[in-house]
Amino acid sequence: MKAVNLGKSGKAATAPEATGIGFTGILGKAISSYLQGNPLRPVQAEAFCVQRIQNERRHALICAPTNGGKSLVGQVLAVQAALKGKRAAFLTPLRAIAEEQKEQIKSLVSHLPPKKRPKVRLTTGDYRITDEFLDDEAPPEEILVATYERFDAMTRREDAAEWLKSFSC
């Protein structure tokens, strides 16, 4: 495993690599618009501009302090997967965080052209997807925000294997 020093929490990236976001096309425009001129944080610049994880389809573990920028990295990768017509799961430990992340992802996708916006759905112990049937065909361009426990419960169903294949992130 490779360790990368990403500086202090909340501090803007100053490396030359941080001047670009590492994305092109509609997703690049959406991220730039979403950031509203703010620079990438060090973890974001390292992930997108140096490591270019958006071009890899391998597992990644991102460790950074609170307010370090981890969430945006995961959100962008989830949107990228959904734009490719697959499902993405964004998992959080608490319901309140799940609601917050859902709103942030919805804000990010609102910068995409209307016909390209993925559907963002929330499912926790309190909020269940209305038509939550695992045997349904995966809707294209969907991001599912869930708590760990809720997602775990959904994967334990007998019919979950095919449903899980519809996820790419």
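The figures here come from the full heavy-atom set of this structure, side chains too, leaving out hydrogens, waters and symmetry mates.
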_Summary of ring-ring contact (aromatic ring centres under 6.0 Å, His included) pairs that have at least one residue in residues 48-75, sequence neighbours excluded_ = F23-F48
*Do E142 and R121 meet the salt-bridge criterion of a basic N to acidic O distance under 4.0 Å?*
yes
*For the student: nearest non-hydrogen atoms of K116 and L83, plus distance*: O-CD2, 3.2 Å
*Do Q54 and L77 have side chains that get closer than 4.5 Å, going by heavy atoms?*
yes
*Please list all pairs passing the side chain to side chain donor-acceptor pair (under 3.5 Å) test where one or both residues lie in residues 22-32, with sequence neighbours left out.*
none
*Can you name the nearest heavy-atom pair linking K165 to E162, along with the distance?*
NZ-OE2, 3.0 Å
*Looking at CD of Q51 and CD of E46, how far apart are the two atoms once the value is rounded to the nearest 0.5 Å?*
4.5 Å
*Who are the side-chain contact (heavy atoms from CB on, under 4.5 Å) partners of S33, not counting sequence neighbours?*
H111
*Measure across R117 and L112 and return the closest heavy-atom pair with its distance rounded to 0.1 Å.*
NE-O, 2.9 Å
_Let me check something: do L91 and L164 share a hydrophobic cluster, defined by ILVMFWY side-chain heavy atoms less than 4.5 Å apart, either directly or through other members?_
yes
_Taking salt bridge (charged side-chain N to carboxylate O under 4.0 Å, His left out) as the definition, give me every residue that meets it alongside E158, ordered by chain and number, with sequence neighbours left out._
none
*Hey, could you give me the OH/OG1 distance between Y148 and T124, rounded to the nearest 0.5 Å?*
14.0 Å
*Distance, nearest 0.5 Å, that separates NZ of K119 from CD1 of I143*: 12.5 Å
*Gap between atom CE of M154 and atom CD of E149 - 0.5 Å precision*: 13.5 Å
*Under the 3.5 angstrom rule, does the side chain of R87 hit a backbone N or O of S166 as a donor-acceptor pair?*
no
*How close do V145 and A98 get, heavy atom to heavy atom, and via which atoms?*
CG1-O, 3.3 Å
*Are I26 and L72 connected, step by step, through hydrophobic side chains (Ile, Leu, Val, Met, Phe, Trp, Tyr) whose heavy atoms are closer than 4.5 Å?*
yes
Atom pairs and distances, side-chain donor-acceptor, residues 100-110, under 3.5 Å, sequence neighbours left out:
| unit_1 | atom_1 | unit_2 | atom_2 | d |
| --- | --- | --- | --- | --- |
| Q101 | OE1 | Q75 | NE2 | 2.5 |
| Q101 | NE2 | S71 | OG | 3.4 |
| Q104 | OE1 | Q75 | NE2 | 2.9 |
| S110 | OG | S107 | O | 2.6 |

*Interatomic spacing from CD1 in I97 to OG1 in T147 - rounded to 0.5 Å*: 11.0 Å
*What residues, two or more places apart in sequence or in another chain, satisfy ring pair (Phe, Tyr, Trp, His ring centres under 6.0 Å) together with F167?*
F151, W163
*Is there a donor-acceptor pair closer than 3.5 Å between any side-chain N or O of E99 and the backbone N or O of A96?*
no
*Mark yes or no for whether R150, through its side chain, and L122, through its backbone, hold a donor-acceptor pair below 3.5 Å.*
no
*Can you check whether P65's main-chain N or O pairs, donor with acceptor, with K70's side chain at less than 3.5 Å?*
yes
